[in-house]
Amino acid sequence: MKKNRTPLSLRVPEPVCRPGDKPDFSSIDVGQAGAVARPDVTATPASMRDMAFQLIRVLDDEGRAQGPWDPKLTPDQLRKGLTDMILVRTFDDRMHRAHRQGKTSFYMKCTGEEAIACAQGQVFSREDMGFPTYRQQGLLISRGYPLAAMMNQIYSNAADPIKGRQLPIMYSDKAYGFFTISGNLGTQYPQAVGWAMASAYKGDDKIAAAWIGDGATAEGDFHNALTFAAVYRAPVVLNIVNNQWAISSFMGIAGGLETTFASKAIGYGLPSLRVDGNDFLAVWAATEWAAERARSNLGATVIELFTYRAAQHSTSDDPSRYRPGDEYDHWPLGDPIQRLKQHLIALGEWDEERHAAAEKDAVEQVRAAGKEAEAIGTIGQSRPSVKTMFEDVYKEPDWRLIRQRQEVGV
Amino acid sequence: MKKNRTPLSLRVPEPVCRPGDKPDFSSIDVGQAGAVARPDVTATPASMRDMAFQLIRVLDDEGRAQGPWDPKLTPDQLRKGLTDMILVRTFDDRMHRAHRQGKTSFYMKCTGEEAIACAQGQVFSREDMGFPTYRQQGLLISRGYPLAAMMNQIYSNAADPIKGRQLPIMYSDKAYGFFTISGNLGTQYPQAVGWAMASAYKGDDKIAAAWIGDGATAEGDFHNALTFAAVYRAPVVLNIVNNQWAISSFMGIAGGLETTFASKAIGYGLPSLRVDGNDFLAVWAATEWAAERARSNLGATVIELFTYRAAQHSTSDDPSRYRPGDEYDHWPLGDPIQRLKQHLIALGEWDEERHAAAEKDAVEQVRAAGKEAEAIGTIGQSRPSVKTMFEDVYKEPDWRLIRQRQEVGV
Amino acid sequence: MPSMNMIQALNSALDAKMAEDPNVLSFGEDAGYFGGVFRVTDQLQQKYGLTRSFDAPIAEGGIAAAGIGMAVYGLRPVIEMQFADYIYPAYDQIVSEAAKIRYRSGGEFTVPITIRSPYGGGIFGGQTHSQSPESLFTHIAGLKVVIPSNPYDAKGLLIASIEDDDPVVFFEPKRLYNGPFDGWHDRPVSPWAGHPLADVPEGRYAEPLGKARLMREGADVTLLAYGTMVWVSLAAAEHAGVDAEVIDLRTLVPLDIDAIVESVKKTGRCVIVHEAPRTSGFGAELSALVQEHCFHHLEAPIERVTGWDTPYPHAFEWEYFPGPKRVAEAIKRAMEG
Amino acid sequence: MPSMNMIQALNSALDAKMAEDPNVLSFGEDAGYFGGVFRVTDQLQQKYGLTRSFDAPIAEGGIAAAGIGMAVYGLRPVIEMQFADYIYPAYDQIVSEAAKIRYRSGGEFTVPITIRSPYGGGIFGGQTHSQSPESLFTHIAGLKVVIPSNPYDAKGLLIASIEDDDPVVFFEPKRLYNGPFDGWHDRPVSPWAGHPLADVPEGRYAEPLGKARLMREGADVTLLAYGTMVWVSLAAAEHAGVDAEVIDLRTLVPLDIDAIVESVKKTGRCVIVHEAPRTSGFGAELSALVQEHCFHHLEAPIERVTGWDTPYPHAFEWEYFPGPKRVAEAIKRAMEG
Ligand SMILES: Cc1ncc(C[n+]2csc(CCOP(=O)(O)OP(=O)(O)O)c2C)c(N)n1
Ligand SMILES: Cc1ncc(C[n+]2csc(CCOP(=O)(O)OP(=O)(O)O)c2C)c(N)n1
Ligand SMILES: [Mg+2]
Ligand SMILES: [Mg+2]
């Protein structure tokens, strides 16, 4: 038996840059817009494994739509996408400020990732069920969910739709196809598969979609989701939002140096697409492909959405402690809002003036919603009735909950 | 948004044959002996993804060693392999009978899978640590572990090395590089990775090996093991024993219809080999390749060992209830003992007489060990002292255990 | 009325519900074609089709999660955990998700799932086929925990669990599958056949969750038990020659506190019996509740007879198992005060 | 002697052990370069190198399993579970493996791992950053469970845990990281600086596992608490104006039963306080033990003051949290008998 001559050593991956270093994305190959082929939705997973190692991009550097993945959206659809993204970013900024002002205990932005949920919120319908994490506020906003209701949740005030039960931003709304967000990473992923299995079991036509972060793909739930999706051919779209960071850990800690996240699908025999997540058109087209596949009873697709977490992880985080402060500026896939704006302008369907007006409108909408929510109250000023603390544990409270409620005197 | 025209339906995989059907392996492509290329151990995982979809075979139908994976073993090594396998099978048969005779409460055979542990027990050393499941008795036997000690464990008698604590066949022996078997499927897999990480952390030269069944690859532990192995480049060989059955479930329930088990490595950026598990030479060669890779600080390899569970799952099982009784006879990769025997005979290093003698010798060895163990006692006749029940819960018992022991009066 | 053992009764419960409600389906490891390693789901696939009773990958967490997703959709999945000892990979999904989804969504999403699992010792199953993890679930707000001790209740409680709109963890004492085992492991065991509680009606009926069953009326001491320990307690009472009242709790959550309190107030003495290890077992909760509710009526310390604070030791099953002798001794201690 | 808050004291414990024992290493989510979301492992990577304090994938089960494998190898890994609420994916590895490997291998393989995890409420963390799952671990034979309440103990107990040859689950009351929070959330909070128990020696020292700390001597009633509830209990005693004896259990397993029994025999009254939900919380075990050992000395029912049997509700933190008022009421009830 051979023995190694040199001693073994433990490898711990490190990002290329830490605070103080010059940002460097030279190791990342983003390919060319329009370069990746588009298989038929009926293609076998085995025939399209290479999709996991390429990047589907539609918008080129000049803002033109290129190649077979161009979803050919109408100008109205594009404009809606753009204004939705603007609204999401405006909402995020406002809520982030609200945290500084002590109006909420917590907030999480999705800055730089707006294209994902805003596009996908349109491709999936409200009858489908989305199983999001905490950075898909764009699903709600792009579907016209009342901003004030989101704020009521964030403020845990008397009108909080989920009765003050959860941390800010943990929305839940069945009517909008938005499953209750869990604080436990990953759990929603196999649940989405189960939900999709149920739709198939019933012979219905609803599909499910789920989102997970690059970091959370390491959870066992991710594995369970893909196994069950493949084995039972569940009509579900499994999105991996690879924003390259998990709080302070870079994607290498989740295995992202070794291969793409999209390639994880291969070991389950699932098809996967790897997509420029900052390209509204590419996200739309890939999602449409996967949704059609699911609706055609061909089963699940994994989509890796490659993006960058531009903001801090949450209001509790300070990214300058673990990555260069200006890293986002060097990130090659740019900003989803800027890119769609450029495209619309290139099409002659938009201009700076309309953009400025859209931004102003977004601020107005957020301000109006803020007024409405703040009139009810921000955190600590207003909250649901204390007796609701003992409700919804079970459909009906048992004697323990009744007595405990009595003890609180409510 | 498009809607599917036809209703969705739930797919539940079914094996080709059920009891009463004619066995049919026509969907399985076993390729040709010698046909698969052998990459250098320094090859990048990305360059060898196709290995996951081919089957490394060395022994052809005539028993000749073919191609680049021939490990070029000496006749002595081959004969040891053969006699080890014979001994394992003989031991299994005897213990299975012992169960019928009421000498043990439980037993599990590895019939048809002997090549795997018997070859790998030689490639890995006792200083390495094996993290087995319950079908790697060949690791112990090929290393000359006292058969009587195994029987003492199976009989839970006074000489049971693990003091009657575990179900029969849940061996544990540190000196033989054999980690305590867990009843919980899959848990050993990421533990092996941690053990390997520790060896690398210390700058030692020991590597780890782990085994998991096709069925158990669905556990979250499998995912954790591969993630950690890839991220920390752990010196570990991760074996998947694909014997196509998990109790009554065929491998399709674990996702084996969709892709190969070896392909699961791709999504972690790990190299993988897919091997004819009934071919002693192929198993040896692939294992050697992976072990050398690990010892050279190049990290982990996944090996799928393709075989067939010829016997029942355990003494509690009756496979004729869920698969054709004669399925094994039609299985294209044959019997590992017959194939190595044929090879040795083709080499002129073995003959029927010697084979018969080896079989007789194995029976003798097992009989002698049986005498020794039965002299101590079979189940119920002999057991460790009852007071040991309260030992080894902690290094030192706390007051609860002392008082509980007193209550039992021992 | 047909006489059924517990396996048949559980199978009959599933059969009854699947016949009547297309939203009821069953899956688990080996639970489809083969009908489960204990045969509880036997023939359901053959009768209701591949998609209504099927095999699952060996991934308890995935099984639970898929079941939760289905339940959220509106189905009433019954999932099988092959052994309670293997429920831990599903623990997160059960305690963080199934238990909390109704609450955290403000009542909008609900999880009417039933999680069946054979549990408990006495079958020579060693460390990983003998565990009794019920208290790990009774601690979790949002879960119900049900443990039947006989075929009649098994069917009625399983149906009630399936019909319940909250997640139910349903533990089946596997030592009782074939007969009312009383813990005298050295005496012949009796089968269910002919036992009054094995008279199981065909079709649907439900036993309410949260109601204990009085198994034996008595004046001197209250024995609280569930699962296999109900029969051990009955045997122990006889062995001790004490006029014990034996209460089968049947559901641990919700607990029939009134039945417990009433009985202990009457007898003034209480012995609690379970197979799980002593420390932080459900007996601790019962003991705390009894002394909180009956302090001034107690004439002797509450006794707990439990598994030891060790893993389940294969060779020492009967030293570990709280058999009638140990229970009888505790009864005597309780009587002496 | 430097004054340290709990974070600094825990960091100092790791520093001391890593300096002296090359087999000690630390890893967890965000625990490497960044030093942990609560900064407990701050600067350890910078000081001891990349392989001795590093980040881990978001896979609590993998972290536990890797740690177990390392411990089996002979290292003394200290792993961090970012929040106790996220420990459940690791539950199987902890309870089926870490806890049982010594036993099932006949003592041949051992798992000297320390599993650190911030736990408990009072930080407005909502359902999934506030849980107190200690009783889910005290039920498991083979595990030790440690919960410090102050910087001095945090360091000494963490060092003892690392040096212990058995697996230790080490819960850190995150509400105490920066000060001895007494539960009066509407009053100014005091920092650790200047507190006698924040006088933390540099270098190695160990506090033995299994020894409680008497926080306040008293004659009238015994308060049993751990973690944040120690400070709440002290505040409650003062609020109630009762001469209470307050015992900080410090380790739940092994438990200092003698200290508990001695105190309750002296006072005849007992109030148990914990943050976890009431049903099957560790208070149940304590209550059962106290009545078993002190039945004839008890002058009043043992009281439990606990979290409610609900998930942890974000907006109702202070109604859920067992604050000094609720504890004081329980003390009064115990005094009245
Ligand atoms: C089970 C679990 N473990 C740990 C955490 C703590 N945590 C919250 S967010 C986060 C990082 C997640 O990163 P990623 O999945 O990449 O999502 P992103 O924040 O980048 O969108 C961690 C570790 C958690 N919420 N749940
Ligand atoms: C966590 C867990 N779940 C379920 C079981 C029950 N069980 C024991 S063996 C087995 C089948 C394993 O099949 P496979 O992994 O293919 O291994 P094989 O028996 O074929 O060698 C099952 C389900 C278990 N032991 N542990
Ligand atoms: Mg991320
Ligand atoms: Mg198998």
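Sequence lines set the chain letters: A, B, ... in the order given, protein chains first and strands last, and positions in each chain run from 1. Since the structure is predicted, the reported quantities are computational estimates derived from the model, not experimental observations.
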Colleague: A quick test of your reading: do over 12 heavy atoms of other residues, nucleotides or ligands sit less than 6.0 Å from CD of D:Glu292?
Modeller: yes
Colleague: About how many Å separate NZ of B:Lys174 and OG1 of D:Thr110, when rounded to the nearest 0.5 Å?
Modeller: 6.0 Å
Colleague: State, to 0.1 Å, how close D:Ala59 and B:Asn224 come at their nearest heavy-atom pair, and which atoms those are.
Modeller: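 That closest heavy-atom pairing would be CB-OD1, 3.4 Å.
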Colleague: In terms of heavy-atom proximity below 4.5 Å to chain D, should B:Ile181 be classed as side chain, backbone, both, or neither?
Modeller: backbone
Colleague: Are the aromatic rings of D:Phe54 and B:Tyr232 close, with centres under 6.0 Å apart?
Modeller: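 Yes, close enough.
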Colleague: Applying side chain to side chain contact (heavy atoms under 4.5 Å, CB included) between B:Thr187 and each of D:Ile101, D:Ile68, D:Asp92, report the one that passes.
Modeller: D:Asp92
Colleague: Output yes when a side-chain donor or acceptor of D:Arg104 lies under 3.5 Å from a complementary backbone atom of B:Thr180, and no otherwise.
Modeller: yes
Colleague: Which atom pair, heavy atoms only, marks the closest approach of B:Tyr201 to D:Pro22?
Modeller: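 Closest pair (atom of B:Tyr201, atom of D:Pro22, distance): OH-O, 2.7 Å.
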Colleague: Need one label for D:Gln93: side chain, backbone, both or neither, based on atoms under 4.5 Å from any heavy atom in chain B.
Modeller: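 Contact with chain B involves the side chain of D:Gln93 alone.
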Colleague: Please lay out, stage by stage, how D:Glu108 and B:Asp173 fare under the test side-chain contact (heavy atoms from CB on, under 4.5 Å).
Modeller: CA-CA 8 Å; D:Glu108 201 173 40; B:Asp173 203 297; 4.1 Å; yes
Colleague: With a 4.5 angstrom heavy-atom cut-off, could you sort out which part of D:Leu209 is near chain B: side chain, backbone, both or neither?
Modeller: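 Neither; nothing under 4.5 Å.
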Colleague: At a 4.5 Å cut-off on heavy atoms, which part of D:Asp164 comes close to chain B: side chain, backbone, both, or neither?
Modeller: neither
Colleague: Measure distances from B:Val393 to the heavy atoms of chain D and classify the residue's part below 4.5 Å as side chain, backbone, both or neither.
Modeller: both
Colleague: With only heavy atoms counted, which part of D:Lys100 is less than 4.5 Å from chain B, the side chain, the backbone, both or neither?
Modeller: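 When you check distances to chain B, no heavy atom of D:Lys100 falls under 4.5 Å.
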Colleague: Using only atom types and a distance under 3.5 Å, with no angle test, would you say the side chain of B:Arg165 pairs donor to acceptor with the backbone of D:Tyr103?
Modeller: yes
Colleague: Considering only heavy atoms, which portion of D:Ile257 lies under 4.5 Å from any heavy atom of chain B: side chain, backbone, both, or neither?
Modeller: both
Colleague: Can B:Asp204 and D:Tyr73 be counted as having a side-chain donor-acceptor contact under 3.5 angstrom?
Modeller: yes
Colleague: Assess whether a salt bridge exists between B:Lys395 and D:Asp166, defined as any Lys/Arg side-chain N lying under 4.0 Å from an Asp/Glu carboxylate O.
Modeller: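 Looking at D:Asp166 together with B:Lys395, the answer is no, because their closest N to O distance does not fall below 4.0 Å.
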Colleague: Just so I understand: if I count every heavy-atom pair under 4.5 Å between each of B:Ala225, B:Ala192, B:Ser199 and chain D, which residue has the most?
Modeller: B:Ser199
Colleague: Heavy-atom pairs under 4.5 Å with chain D: which of B:Asn184, B:Thr388, B:Thr227, B:Asp398 has the most?
Modeller: B:Asn184
Colleague: Would you mind checking which part of B:Lys163 comes under 4.5 Å of any heavy atom in chain D, side chain (CB onward), backbone (N, CA, C, O), both or neither?
Modeller: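 The side chain, not the backbone.
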Colleague: Side chain, backbone, both or neither: which part of D:Ala56 has a heavy atom under 4.5 Å from chain B?
Modeller: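 When you check distances to chain B, atoms from both the backbone and side chain of D:Ala56 fall under 4.5 Å.
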Colleague: Please flag which part of B:Asp221 lies under 4.5 Å from any non-hydrogen atom of chain D: side chain, backbone, both or neither.
Modeller: side chain
Colleague: What are the two closest non-hydrogen atoms of D:Leu143 and B:Tyr394, and how far apart are they?
Modeller: O-OH, 2.7 Å
Colleague: Of the listed residues (B:Glu396, B:His223, B:Glu391, B:Met170), which shares the most heavy-atom pairs with chain D below a 4.5 Å separation?
Modeller: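 Heavy-atom pairs under 4.5 Å are most numerous for B:Glu391.
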Colleague: Under 4.5 Å heavy-atom distance to chain D, tell me which part of B:Met129 shows up: side chain, backbone, both or neither.
Modeller: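 Just the side chain, heavy atoms under 4.5 Å.
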Colleague: Kindly say whether D:Ala71 contributes a backbone atom to a donor-acceptor pair with the side chain of B:Trp195 at under 3.5 angstrom?
Modeller: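 The answer is no, because no donor-acceptor pair under 3.5 Å joins these two groups.
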Colleague: Name the region of B:Phe222, side chain, backbone, both or neither, that has any atom closer than 4.5 Å to a heavy atom of chain D.
Modeller: neither
Colleague: Tell me yes or no: between the side chains of B:Ser182 and D:Glu97, is some donor less than 3.5 Å from an acceptor?
Modeller: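 Side-chain D/A pair, B:Ser182 to D:Glu97: present.
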Colleague: So which heavy atom on D:Pro57 is nearest to which on B:Val231, and how close?
Modeller: CG-CG2, 4.4 Å
